[in-house]
Amino acid sequence: VLVHLSRGGAKVQIFAPDIPQMHVVDHTKGQPSESETRNVLTESARIARGKITDLARLSAADHDAAIFPGGFGAAKNLSTFAADGKDCRVHGDVERVLKEFHAAGKPIGLCCIAPVLAAKVLHGVEVTVGHEQEEGGRWPYAGTAEAIKALGAKHCVKGVTEAHVDQKNKVVTTPAFMCETELHHIHDGIGAMVKKVLEL
């Protein structure tokens with residue numbers, strides 16, 4: 001996301017909530033590490049190279065658009081989707097930011113699992129998380145499409161290199177890592193999403 005924004009000439013500010021992570025995962029084992037705790041803002045600062053602000057301080061009035069990268073953090077820390085599915089709660093500041101940008105008519109981009117945040121918060125929004133069938137493991141999280149429909153949103157089937165644009169709501173989504181594929185395909189899909197957000 002940051003590479004495509006940089007290439008598109010956008011000025012960027014990065015935000016994350018100042019909250020504890022749901023749990024810490026040891027990625028060498030793919031298992032939660034029971035003895036550790038980490039903070040979402042502190043961990044996000046590594047990706048942001050230190051230039052980061054508490055999400056509580058984000059105001060739509062100061063920005064032209066918002067983009068939510070996905071990953072399990074969106075399903076575990078920005079919401080309770082990983083545990084609760086369609087019955088999830090969305091973090092208060094995440095919900096506030098989505099509603100603020102939407103009410104101001106400013107574009108919102110979301111990728112990977114993050115479109116569920118918009119599906120939960122913005123009534124009747126159109127989003128994509130890719131395909132609706134697993135297709136032999138190519139789309140391992142295809143069931144997410146059903147949860148999106150259960151939330152009252154419209155799911156649009158798209159390939160990994162594509163982005164879906166909900167023109168009415170100015171919401172742009174792309175599947176990203178919802179698909180098991182080569183990394184450059186995911187990069188291209190995120191590029192399509194960022195390009196559409198910047199066009200809007």
Legend entry - Single-linkage hydrophobic cluster F72~V129, side-chain heavy atoms < 4.5 angstrom: yes
Inset, instruction - Determine whether more than 12 heavy atoms belonging to other residues, nucleotides or ligands lie under 6.0 Å from atom CD of E43. - result: yes
Legend entry - Lys/Arg-Asp/Glu bridge criterion (N-O < 4.0 Å) met for D54, R57: no
Inset, instruction - Say whether V12 and L41 are linked into one hydrophobic cluster, either directly or through other cluster members, by side-chain heavy-atom distances under 4.5 angstrom. - result: yes
Inset, instruction - Indicate yes or no: does E199 engage K195 in a salt bridge with an N to O separation below 4.0 Å. - result: yes
Inset, instruction - Check the surroundings of atom NZ in K76: do more than 12 heavy atoms from other residues, nucleotides or ligands lie under 6.0 Å from it? - result: yes
Inset, instruction - Provide the closest heavy-atom pair for V40 versus P17 in the form atom of the first, atom of the second, distance. - result: CB-O, 3.5 Å
Legend entry - Donor-acceptor pair, side chain of K120 and main chain of C88, under 3.5 angstrom: yes
Legend entry - Within-4.5 Å side-chain heavy-atom neighbours: C179 and R138: yes
Inset, instruction - State plainly whether the residues K149 and E132 are in salt-bridge range, i.e. N to O under 4.0 Å. - result: yes
Legend entry - L58 and T53, any side-chain heavy atoms less than 4.5 Å apart: no
Inset, instruction - May I have the step-by-step check of ring-ring contact (aromatic ring centres under 6.0 Å, His included) for H63 and F15, ending in yes or no? - result: CA-CA 12 Å; H63 300 274; F15 296 84; 5.7 Å; yes
Inset, instruction - Assess whether atom CG of N39 is packed by more than 12 heavy atoms of other residues, nucleotides or ligands within 6.0 Å. - result: yes
Inset, instruction - Evaluate side-chain contact (heavy atoms from CB on, under 4.5 Å) for L5 paired with V3, printing each intermediate quantity in order. - result: CA-CA 6 Å; L5 284 168; V3 168; over 6 Å; no
Legend entry - Nearest atoms (heavy-atom pairs only) where G159 meets E162: N-OE1, 2.6 Å
Legend entry - Heavy-atom side-chain contact between T144 and W139 under 4.5 Å: no
Legend entry - NE2-SG distance between H164 and C156, expressed to the nearest 0.5 angstrom: 3.5 Å
Inset, instruction - Kindly work out whether a path of hydrophobic side-chain contacts (I/L/V/M/F/W/Y, heavy atoms less than 4.5 Å apart) joins L198 to F101. - result: yes
Legend entry - Sole residue of H102, E126, H123 in side-chain hydrogen bond (donor to acceptor under 3.5 Å, both in side chains) with N169: H102
Inset, instruction - Working to the nearest 0.5 Å, report the span between CD of E134 and CD of E180. - result: 11.0 Å
Legend entry - D64 backbone acceptor or donor facing K106 side chain under 3.5 Å: no
Inset, instruction - Decide yes or no for M193 and T173: does some side-chain heavy atom of the first lie under 4.5 Å from some side-chain heavy atom of the second? - result: no
Inset, instruction - Just do the side-chain contact (heavy atoms from CB on, under 4.5 Å) check on I14 and L2 with the steps written out, would you? - result: CA-CA 10 Å; I14 304 172; L2 291 170; 3.9 Å; yes
Legend entry - Nearest heavy-atom neighbours spanning A65 and V197: CB-CG1, 3.8 Å
Legend entry - K158, NZ atom: more than 12 neighbouring heavy atoms under 6.0 Å: yes
Legend entry - Exercise: identify the closest heavy-atom pair between L117 and S79: CD2-CB, 3.6 Å
Inset, instruction - Measure the OG1-CD1 distance between T128 and I148 for me, rounded to the nearest 0.5 Å. - result: 7.5 Å
Legend entry - Straight-line distance of F68 CZ to L98 CG, nearest 0.5 Å: 4.0 Å
Inset, instruction - List the steps and the verdict of side-chain contact (heavy atoms from CB on, under 4.5 Å) for V127 and K154. - result: CA-CA 6 Å; V127 298; K154 181 176 181 200; over 6 Å; no
Inset, instruction - Check whether any side-chain heavy atom of D166 lies under 4.5 Å from a side-chain heavy atom of V172, and answer yes or no. - result: no
Legend entry - Donor on one side chain, acceptor on other, E95 and H91, under 3.5 Å: no
Legend entry - Hydrophobic cluster identity match, V116 and V165, side-chain contacts under 4.5 Å: yes
Inset, instruction - Rounded to the nearest 0.5 Å, what's the gap from CG on L78 to CD1 on I113? Could you check? - result: 11.5 Å
Legend entry - K99 side, atom NZ; I108 side, atom CD1 - distance, nearest 0.5 Å: 11.5 Å
Inset, instruction - Identify the heavy atoms of A153 and A119 that sit nearest to each other, and give their distance. - result: CB-CB, 3.7 Å
Legend entry - C112 to A176 - nearest heavy-atom pair and separation: N-CB, 3.7 Å
Inset, instruction - Check whether I19 and L55 end up in the same hydrophobic cluster, where Ile, Leu, Val, Met, Phe, Trp and Tyr are linked by side-chain heavy atoms less than 4.5 Å apart. - result: no
Inset, instruction - Kindly say whether R89 contributes a backbone atom to a donor-acceptor pair with the side chain of T80 at under 3.5 angstrom? - result: yes
Inset, instruction - Start with the C-alpha gap between V90 and F81, add the side-chain angles, then the distance that decides, and say whether side-chain contact (heavy atoms from CB on, under 4.5 Å) holds. - result: CA-CA 8 Å; V90 173; F81 186 80; over 6 Å; no
Legend entry - More than 12 heavy atoms from other groups under 6.0 Å of CZ on R7: no
